[in-house]
Amino acid sequence: MSRLMGSPDKFLPSEWKHANQVHFRSSEAERSLSQRLTAECQRLIEESDKSTKHMQQDAQKKLEQRIQDIKFWRQELDQKFEEMVQEIETLIIFKSRVERALESCSEPLQVTLQCLTERQKRVAIDLVHDEVEEELLKEKEVIEGVMVLLQRTLEQINEQIRLIRSVKYYLEKDLQDKFQAERIDDFCALLTNASTNLNRGNSDFSSAGTAVTPEEWESLCILNIRKAEKEKNNSLSLRALVDSLLEQTASDMRRQYEATGRAFELRIEETKTAKTQLENQLNELLGETANQEKNLESLRLAIAEKEAPLKVAQTRLSSRSQRPNVELCHDPAQIRLLEEVKELANHIERLTEALKLSEMELKALARRQLCLEEEIQVKTNSLYIDELEMLQTLLFILTAVQMTDCFDPDDPTDIYSIRVKENVTGEAGEKAEISGRVPGRHA
């Protein structure tokens with residue numbers, strides 16, 4: 001206890017020197033270590049600066065390349081997008097054409113049905129299933145077939161517009177994404193070490209969002225472009241089909257309408273000829289009736305003229321029958337008077353028989369005249385229906401089926417056009433001014 005509380009022991013000079021040497025060596029070692037550490041730190045700083053600069057330059061190049069890639073694909077997508085927009089507008093025009101064509105078919109169909117209805121008003125023997133009726137039924141079938149085709153084509157156009165709008169939607173969405181991505185990458189490319197609003201902290205961005213590979217990203221762009229090209233090609237084919245269909249249906253309807261018109265003209269001409277022949281027969285019959293009436297009067301006059309001579313002869317015979325005794329002789333005068341009475345009675349009998357035959361023939365002529373007049377009236381009614389009433393029906397319905405072969409791109413409605421042609425005068429003497437050229441529907 002006293003040792004601990006006492007003064008420390010003194011060191012020897014050698015111990016003092018040794019202690020100094022130890023301190024010197026330790027200090028030298030630490031200084032050397034510090035120098036090496038400083039050199040290593042300086043090398044590390046230079047290496048990290050060089051690596052950082054290289055990485056920033058490489059990242060900048062990658063960003064610029066990425067921006068170029070986005071711009072390239074955005075231009076491609078934008079081109080396809082504009083094509084889709086243009087294609088939709090074109091299809092809408094074609095849709096309008098088909099709708100107008102379909103709408104324009106309803107009036108010719110109504111005209112055809114009206115014609116069939118009106119021709120049912122023919123009477124007697126003229127209510128015949130003739131070539132005109134066959135052509136009208138064919139015309140009805142053609143128009144209805146055209147309307148079915150146009151309706152089906154309209155549905156195809158609507159479906160094609162829907163498909164193109166779907167492609168346009170995905171193109172637009174892809175363009176919006178690429179625009180946003182390009183804007184973000186442009187912002188990143190402009191960032192420098194001296195920029196403000198730099199992100200701070202050690203956030204982990206390795207798992208941010210659902211990333212796709214560049215190959216997948218590019219394949220998605222190509223897929224959208226290929227879809228757009230496919231739908232555009234389908235649209236081009238559909239438009240060519242619509243052009244061909246409109247031209248063909250217009251040609252079919254016009255050809256059938258002209259065939260119906262020719263049948264009308266032929267039937268009207270046949271009816272006019274038959275009516276003229278009947279009128280000629282009627283005129284001849286009226287002439288014969290007049291002759292027969294004259295003949296009847298002549299017979300009556302002849303009978304009347306024979307009655308006086310007969311009475312004279314009968315009176316003579318009656319008077320001579322009163323001769324007395326032997327004077328009541330059967331002499332030549334008596335014989336001649338008896339023969340005269342007999343012959344006059346025979347003449348009167350024959351003339352009376354001829355009179356009866358003439359009266360019967362006159363009645364037969366009257367009956368035939370009535371039949372001819374009725375038949376002429378039937379033909380007049382048929383001509384009125386086929387020639388005048390049909391034209392008035394066309395005018396009232398305000399229809400025309402003069403269809404053009406070509407489509408004027410400056411006038412999408414130029415499918416059916418009215419042509420002013422001529423005036424028509426019917427059998428009844430009434431005049432109808434035709435405001436539309438209707439092939440074959442005129443006298």
Exercise. Between the side chains of E279 and N283, does any donor sit under 3.5 Å from an acceptor?
Worked result: no
Seminar exercise, completed: Between C221 and L77 the two heavy atoms that sit nearest each other are O-CD2, 4.1 Å
For this session: Write out all pairs satisfying salt bridge (Lys or Arg N to Asp or Glu O under 4.0 Å) with one or both partners inside residues 66-83, taking only residues at least two apart or from two chains.
Result: R74-E182, K80-E83, K80-E229, E83-K232
For this session: Taking atom types as modelled, find out whether T260 and E139 have a side-chain donor-acceptor pair closer than 3.5 angstrom.
Result: yes
Problem set entry | Side chains of I184 and Q180 in contact at under 4.5 Å (non-hydrogen atoms) | yes
Identify each donor-acceptor pair in which a side-chain atom of residues 162-170 lies under 3.5 Å from a protein atom, sequence neighbours left out, and give them as a table.
{"from": "R162", "atom 1": "NE", "to": "E159", "atom 2": "OE1", "distance (Å)": "3.2"}
{"from": "R162", "atom 1": "NE", "to": "E159", "atom 2": "OE2", "distance (Å)": "3.4"}
{"from": "R162", "atom 1": "NH2", "to": "E159", "atom 2": "OE2", "distance (Å)": "2.7"}

For this session: Count the heavy atoms of every other residue, nucleotide or ligand shown that sit under 6.0 Å from CD of E141, and state whether that count exceeds 12.
Result: no
Exercise. Under the salt bridge (charged side-chain N to carboxylate O under 4.0 Å, His left out) test, which residues partner K178, sequence neighbours left out?
Worked result: D174
For this session: Would you mind reporting whether I222 and W73 have side-chain heavy atoms less than 4.5 Å apart?
Result: yes
What side-chain donor-acceptor pairs closer than 3.5 Å can you find for residues 349-361, not counting sequence neighbours?
{"from": "T352", "atom 1": "OG1", "to": "I348", "atom 2": "O", "distance (Å)": "2.6"}
{"from": "S358", "atom 1": "OG", "to": "Q292", "atom 2": "OE1", "distance (Å)": "2.6"}
{"from": "E359", "atom 1": "OE2", "to": "R300", "atom 2": "NH2", "distance (Å)": "3.3"}

For this session: Could I get the full list of side chain to side chain contact (heavy atoms under 4.5 Å, CB included) partners for S298, not counting sequence neighbours?
Result: none
Exercise. Can you list the residues that meet the salt bridge (charged side-chain N to carboxylate O under 4.0 Å, His left out) rule with E269, with sequence neighbours excluded?
Worked result: none
For this session: May I have all residue pairs that pass salt bridge (Lys or Arg N to Asp or Glu O under 4.0 Å) and include part of residues 283-292, sequence neighbours excluded?
Result: none
Problem set entry | Where at least one partner belongs to residues 363-372, residue pairs that pass side chain to side chain donor-acceptor pair (under 3.5 Å), sequence neighbours excluded | Q369-E373
For this session: Using the test salt bridge (charged side-chain N to carboxylate O under 4.0 Å, His left out), find all partners of E270 that sit at least two apart in sequence or belong to another chain.
Result: R267
For this session: With sequence neighbours excluded, tell me which residues meet salt bridge (charged side-chain N to carboxylate O under 4.0 Å, His left out) with E40.
Result: R43
Problem set entry | Residues forming a side chain to side chain donor-acceptor pair (under 3.5 Å) with K227, sequence neighbours excluded | none
Report all side-chain donor-acceptor pairs from residues 146-153 shorter than 3.5 Å, counting only partners two or more places apart or in another chain.
{"from": "T153", "atom 1": "OG1", "to": "L149", "atom 2": "O", "distance (Å)": "2.8"}

